[in-house]
**Student:** 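The structure under discussion is supplied below as structure tokens; questions concerning it will follow.
Atoms within a ligand are numbered from 1 in the order they appear, just like the ligands themselves.
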Amino acid sequence: MIKNLKRLTFILVLLFVTIVATACNSNGDGDSKSNKNKIDVGIVLPTKDEPRWVQDEQRFKDALKDSKYSTEILFSQGSSAKEKENVESLLNKGIKVLIITPQDGAAAGAAVEAAKKEGVTVIAYDRLITNTDAVDYYVTFDSLAVGAAQAQYLIDNANGSNVPLYLYAGAASDNNAFLFFEGAWKVLQPKIADGTFKLANSSEAEKLKDTAELSRDQLSKIIGQVTTNWDPNEAKNKAQTHLTAAKANLKGNVAILAPNDGTARSIADVFSTDKAVKSFVVTGQDAEKASIQYIIDGKQSMTVFKDVRTLVTDAMGVAVEVLDGKTPDTTGSYDNGSVEVKAKQTDVIVVNKDNVKKELIDSAYYEASEFNGLE
Ligand code: BGC
């Protein structure tokens, strides 16, 4: 009898312990609640596959070392679904400010609307989030100026007339791709019209060669044809296809508008293997280390240096003002298709062989030891 009672008590205690343990474990909410208020600022970047964004991560880490606010950086690996998960996971950690570079500017609307619902302040970082009112601030470089600088470089380095001009663009899901191309086209178009350049790889651009100011629709048509999707492999394949199709009069000394460094290097690699291409001038942007080496080696002509340190400082500056209950200073605004988003904008710097040392080494952006053959 007593033995049975003891056994029953033991079973009951075991049952109780199991129930309590299960309740604690399965209480996901409880778990995240204990984490609540742990993270002040959530940062979501598009992909680790491009040096540009790994660089931003490092610059954020450098800038945040001494911050009194806690932060967490997550990558979306090129997927809008992953991006939404990232935002949700940061919301569960109680973030008050979200700094986000969307993978796809329109698709990110749902993620930032979820953040807004929880009273989070949303800062679009480098890329605008479009067609939603759930963006509070936009910190950005002057993207029209990036495209204009690339175009001007091609003009300044073109000799004679009828120089074949190959156009490439970024991803149509990225609002910046439109701004870069728009900025470039405005500068290039008069030089196409006056015969300095002849278009080599875009029938859509050919149709619009007399139009100086392109509408979003017209930009879409050209970008749709010459997009790289920001993917160096896609850029390489497109360049190969274009060179295979090009007649002799579209070779010789050519000019190439490449939208960024990753795509510029792969396009340059393709053009340098075509014997009928005697020389080429190719643009870029981001001042990626690999492209700085290409510039030193004479394999890429220029890059547009966007000092990410400034963008990080601006983004965190806005975040801290918000956390401190103040109103951040802004310098202008961008229409995202739904609202005018208050913006803080930073200038860009053209870098080629002549000023690479001054702009990137003397400014302590990179160290000389990271490169070979730097004078
Ligand atoms: C950025 C560029 C970058 C590109 C591809 C753009 O939105 O402004 O710096 O090269 O995306 O990631």
Side-chain angles (χ1 to χ4, degrees), residues 43-60 75-80 83 99-108 123-130 135 138-150 168-184 219 223 226-236 238 257-268 282-292 294 300 302-312 314-315 334 336 341 343-351 360 365:
I43 301 166
V44 179
L45 296 173
T47 179
K48 263 191 192 239
D49 293 342
E50 291 173 33
R52 158 74 216 261
W53 305 110
V54 180
Q55 193 188 136
D56 290 65
E57 178 192 31
Q58 191 52 50
R59 303 293 181 187
F60 265 113
F75 280 90
S76 308
Q77 290 312 101
S79 150
S80 296
E83 179 178 273
I99 297 176
I100 176 168
T101 305
Q103 170 58 32
D104 177 312
I123 304 172
Y125 177 85
D126 195 281
R127 293 181 181 167
L128 192 56
I129 299 158
T130 51
V135 200
Y138 179 34
V139 293
T140 180
F141 292 103
D142 184 346
S143 295
L144 286 170
V146 171
Q150 293 171 331
Y168 295 93
S173 57
D174 176 3
N175 188 58
N176 286 348
F178 286 80
L179 296 173
F180 300 144
F181 200 87
E182 183 187 346
L219 286 166
I223 293 172
V226 299
T227 181
T228 60
N229 274 315
W230 292 133
D231 175 356
N233 253 322
E234 191 164 334
K236 180 176 155 207
K238 276 222 157 121
L257 178 76
N260 75 346
D261 284 350
T263 56
R265 291 193 302 278
S266 52
I267 294 169
V282 63
T283 60
Q285 75 167 299
D286 292 336
E288 285 182 5
K289 278 184 204 165
S291 277
I292 297 310
Y294 260 49
Q300 182 178 323
M302 63 87 86
T303 188
V304 180
F305 171 37
K306 311 199 296 190
D307 192 331
V308 168
R309 293 172 300 191
T310 313
L311 205 61
V312 164
D314 281 351
Y334 273 76
N336 80 339
V341 183
K344 202 159 194 185
Q345 186 164 292
T346 295
D347 290 340
V348 297
I349 300 169
V350 172
V351 168
L360 293 168
Y365 199 73

**Student:** Under a strict 4.0 Å criterion on non-hydrogen atoms, which protein residues are in contact with ligand 1?
**Tutor:** E50, R52, W53, D126, R127, D174, N176, F180, W230, N260, Q285, D286, K306
**Student:** May I ask you to test the D307-I349 pair for a side-chain heavy-atom distance under 4.5 Å?
**Tutor:**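 Sidechains of I349 and D307: no contact.
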**Student:** Would you call the rings of F60 and Y125 parallel, tilted or perpendicular, taking 30° and 60° as the class edges?
**Tutor:** tilted
**Student:** Assess, by modelled atom type and distance only, whether the side chains of S291 and Q300 contain a donor and an acceptor separated by less than 3.5 Å.
**Tutor:** yes
**Student:** Taking all non-hydrogen atoms of both residues, which atom of T283 and which atom of Q150 are closest, and how far apart?
**Tutor:**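 Answer, listing the atom of T283 first, then Q150: CG2-O, 3.4 Å.
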**Student:** Locate the shortest heavy-atom distance separating A177 from A171; write the atom from each residue and the value.
**Tutor:**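 The answer is CB-O, 3.1 Å.
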**Student:** Quick test of your reading of the model: are D261 and R265 salt-bridged, counting only N-O distances below 4.0 Å?
**Tutor:** no
